[in-house]
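The structure appears below as structure tokens.
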Amino acid sequence: MTELFGDGFLDRPPREVAPGAVHIPGWLSLSEQNWIIGQFRLWAAGPVPMHRTSVHGHEMSVATVGLGWHWQPSGYSRNATDVNGNRVLDFPDWMARLGRRAVLEATGDERAGAAYQPDTALVNFYDDTAKMGMHQDKDERSLAPVVSLSIGNRSLFRFGNTLTRNRPYDDLTLESGDLFVFGGASRRAFHGIMRVYPGTAPEGCELSRGRINITMRETGLGR
Ligand code: SIN
Ligand code: MN
């Protein structure tokens, strides 16, 4: 039975971390991860290149590229007015399909899976020292779940509560291929990346350094 899920399944079983927040370790196969890394290289090259977004005059330590919509602290737009003014790439259909499968598998709710229509993804690249402070994803009008995929180096992810950046929170390890979905009562929970662990990508992972995280969302902004 366990061989169906590969090594590590017993160590890291799927888990509901908080109501509506589900961690499914090892969700993407290594070949899916490597295919996505190839897509990432194309996204990072433009038309809006990967860039560090400034928040209150400080550059974030992660580098970001948006799909479907461009994010900056003032909100979502189609054109990256804080980078080079270009329009971002369209949100890929394959990613929307992957998002629906993620919501279905995380919630077990066929209707929620089928109804999920993500229209943006923030693709973040973490080098060895990058972090992301505790924050809420709250620039979306839709309360549909956020689907998060991690590839490359392992990271320490903190998932908290909807009221404060502080305790109670859960610290968990996100590894290459892991899925994390947060919706429902956890949609506005504070979360962040405390650190990444250099040199911890699995053997065969074609990301030679760093960590990629993709978060898909429904903006609720329409066309
Ligand atoms: C995010 O909160 O947008 C990114 C989370 C992560 O990198 O896992
Ligand atoms: Mn976030």
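Counting from 1, the numbers follow the sequence of the chain as shown. None of the values given here were measured: they were computed from a predicted structure. In each ligand, atom 1 is the first atom listed, and ligand 1 is the first ligand listed.
Using a 4.0 Å cut-off between charged side-chain N and carboxylate O, R154 and D178 make no salt bridge. Salt bridge absent: D139 and R217 never bring a charged side-chain N and a carboxylate O closer than 4.0 Å.
Taking the N/O/S atoms of D137 in turn, the shortest distance to the Mn ion (ligand 2) belongs to OD1.
The aromatic rings of Y76 and W69 sit perpendicular, their planes meeting at an angle over 60°, well past the 30° parallel limit.
Nearest non-hydrogen protein atom to atom 1 (C) of ligand 1 is M132 SD, 3.6 Å. The shortest contact between atom 8 (O) of ligand 1 and any protein heavy atom is with R211 NH2, 2.9 Å.
Taken from CZ in R87 to CZ in R78, the straight-line distance is 5.0 Å, to the nearest 0.5 Å.
By the 4.0 Å heavy-atom criterion, Y126 is counted among the residues contacting ligand 1. Between R217 and ligand 1 there is a heavy-atom distance shorter than 4.0 Å. Distances shorter than 4.0 angstrom do not occur between any heavy atom of L122 and any atom of ligand 1.
The shortest N/O to N/O separation between S150 and ligand 1 does not fall below 3.5 Å. Below 3.5 Å of separation, one finds an N or O of N213 facing an N or O of ligand 1. The distance criterion of under 3.5 Å between nitrogen or oxygen atoms is not met by D137 with respect to ligand 1.
For ligand 1, the atoms closer than 4.0 angstrom to any heavy atom of I193 are 6 (C), 7 (O), 8 (O).
Judged by distance alone, the side chain of R211 and the main-chain N or O of D127 form no donor-acceptor pair under 3.5 Å.
Taking the six-membered ring for Trp and the full ring otherwise, F159 and F190 have centroids separated by 6.0 Å or more. Aromatic pair H191/F182: ring centres closer than 6.0 Å.
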